[in-house]
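Down below is the structure, laid out as structure tokens.
All values below come from the heavy atoms of this structure, side chains included, with hydrogens, waters and symmetry mates left out. Numbering of ligands and ligand atoms starts at 1, following listing order. Quick caveat: nothing in here was measured; it's all calculated off a predicted structure.
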Amino acid sequence: MQTSLPLDSAAHQTASPKTSRGSLEPVLSLSNVTLEYPDGEDKTLLALDNVSMAAHAGTVTSLVGPSGSGKSSLLAVAATLLAPTAGTLTINGVETTALNDRARTQLRLGTTGIVFQQPNLLGSLTALEQLVLTGMLQGRSRKGLQRESLDLLAAVGMADASHRRPHQLSGGQRQRVNIARALVGNPQLLLVDEPTAALDHDRSAAVMSMLCELTREFNAATILVTHDTEFLDLTDATLHMRDGKLTAAS
Ligand code: ADP
Ligand code: MG
């Protein structure tokens, strides 16, 4: 189901929750978020311009827009990797802009899975080890992570490849491991940046439907940046971005 919204609600679009972790509160909300990058001596580039949106558990929100419109910047802010210049970012009811770096990192590790556009897997580690390491970085012991990691690899159809290293995997397989890795620790918020950019049509379709299924299975709030408008109907709502602003569907 794809929701299209009238122009006057474009600044506050949300996917309605199909399921919930027991609360109707959004997992993520951005309120009047502005992000400026330094751009030459006294100049700044306005990458996000008064953006407000929310994401709920168990829903996929797709984010589309031309190259340079601010999609990756929005994900970087949602991931607390970049602090907004103005506005507020709330995750699980916690206003992140008030936190110090350490508290923000802890919040990210405990709540957020990130799938970057390029599967930045570590070359020397097997698929299984990539996931176990991620869990250990979350402060968990190796015990339990092995089972969880194998289950996640199975969930993305990679059970038989758990002992392969990245160079022994195809592009599509690497992206599946990348997605499984982001799901370690059952994140409430899943941020995914153009996961199918390097994949052919059939593999793109498989990855997109897998992400939507996993979102429901794991009850995550997922934001999915994509060029693949063909697959938008799989998602619960679509946000359109242009020049750093959320706009109505065009
Ligand atoms: P998209 O993901 O939609 O292609 P981005 O969020 O990457 O867009 O970029 C939005 C704007 O911010 C673009 O004009 C881009 O050139 C600029 N930009 C992105 N990252 C930086 C950066 N680190 N420093 C300065 N400008 C940046
Ligand atoms: Mg981008």
Side-chain angles (χ1 to χ4, degrees), residues 2 4-5 10-15 28-55 60-89 91 96-97 101 104-105 108 112-121 171-172 174-175 178-179 181-182 187 189-200 203-204 207-208 211-212 215 221-232 234-235 237-250:
Q2 189 185 342
S4 63
L5 293 128
H12 225 110
Q13 299 173 1
T14 67
L28 169 81
S29 66
L30 276 70
S31 180
N32 303 112
V33 163
T34 295
L35 178 72
E36 291 174 354
Y37 291 114
D39 184 31
E41 270 186 22
D42 297 326
K43 293 201 287 186
T44 55
L45 186 146
L46 187 58
L48 295 176
D49 186 358
N50 205 29
V51 168
S52 297
M53 55 90 58
V60 180
T61 304
S62 43
L63 178 61
V64 296
S67 182
S69 57
K71 306 180 299 296
S72 294
S73 298
L74 192 152
L75 286 196
V77 167
T80 73
L81 293 170
L82 291 177
T85 310
T88 56
L89 170 75
I91 298 176
T96 63
T97 36
D101 283 353
R104 212 169 16 244
T105 301
R108 182 189 317 123
T112 307
I114 309 172
V115 180
F116 292 106
Q117 188 168 346
Q118 294 299 330
N120 50 344
L121 302 172
R174 280 199 285 271
Q175 194 54 285
N178 198 20
I179 290 165
R181 181 178 58 174
L189 180 61
L190 182 62
L191 304 171
V192 189
D193 202 350
E194 306 212 26
T196 60
L199 304 182
D200 64 29
R203 288 196 176 84
S204 296
V207 164
M208 292 292 279
L211 277 166
C212 295
T215 294
T222 297
I223 303 180
L224 174 57
V225 171
T226 182
H227 264 115
D228 280 324
T229 48
E230 178 187 345
F231 305 117
L232 294 183
L234 295 174
T235 71
T238 299
L239 299 177
H240 296 258
M241 187 153 235
R242 181 173 288 273
D243 296 334
K245 294 188 185 69
L246 291 181
T247 62
S250 47

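- Counting heavy atoms from C-beta outward, Met53 and Leu63 have side chains that stay 4.5 Å or more apart.
- Using a 4.0 Å cut-off between heavy atoms, Pro66 contacts ligand 1 through its backbone alone, with no side-chain atom that close.
- Of all the atoms in ligand 1, the ones that sit under 4.0 Å from a non-hydrogen atom of Leu45 are 11 (C), 12 (O), 14 (O), 17 (C).
- Residue Gly70 places at least one N or O, backbone or side chain, under 3.5 Å from an N or O of ligand 1.
- Checking side-chain atoms of Ser62 against main-chain N and O of Ala237 turns up a donor-acceptor pair under 3.5 Å.
- The Mg ion (ligand 2) has no N, O or S atom of Ser67 under 2.8 Å away, backbone or side chain.
- Atom 3 (O) of ligand 1 has as its closest protein heavy atom Lys71 NZ, 2.8 Å.
- Put simply, the side chain of Lys71 never gets that close to the backbone of Met241: no donor and acceptor are under 3.5 Å apart.
- Protein heavy atoms are found inside the 4.0 Å sphere centred on atom 21 (C) of ligand 1.
- For atom 18 (N) of ligand 1, the nearest non-hydrogen atom of the protein is Tyr37 CE1, 3.4 Å.
- Less than 4.0 angstrom separates some heavy atom of Ala47 from each of these atoms of ligand 1: 12 (O).
- Looking from atom 6 (O) of ligand 1 to the surrounding protein, the closest heavy atom is Ser73 OG, 2.6 Å.
- Ser72 CB, 3.8 Å is the protein heavy atom nearest to atom 7 (O) of ligand 1.
- Distance alone, capped at 3.5 Å, is enough to place a donor-acceptor pair between the Ser52 side chain and the Asn32 backbone.
- Thr247 and Arg242 are not linked by any side-chain donor-acceptor pair at a separation below 3.5 angstrom, with hydrogens and angles left out of the test.
- Residues Thr235 and Cys212 are in side-chain contact: their nearest non-hydrogen atoms beyond the backbone lie under 4.5 Å apart.
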Legend entry - Derivation of the side-chain hydrogen bond (donor to acceptor under 3.5 Å, both in side chains) call for Arg108 and Thr80: CA-CA 7 Å; Arg108 182 189 317 123; Thr80 73; 3.1 Å; yes

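- The nearest protein heavy atom to atom 16 (O) of ligand 1 is not closer than 4.0 Å.
- When every heavy atom of Leu191 is checked against every heavy atom of Ala78, the shortest pair comes out as CD1-C, 3.8 Å.
- Ligand 1 has a nitrogen or oxygen under 3.5 angstrom from a nitrogen or oxygen of Gly68.
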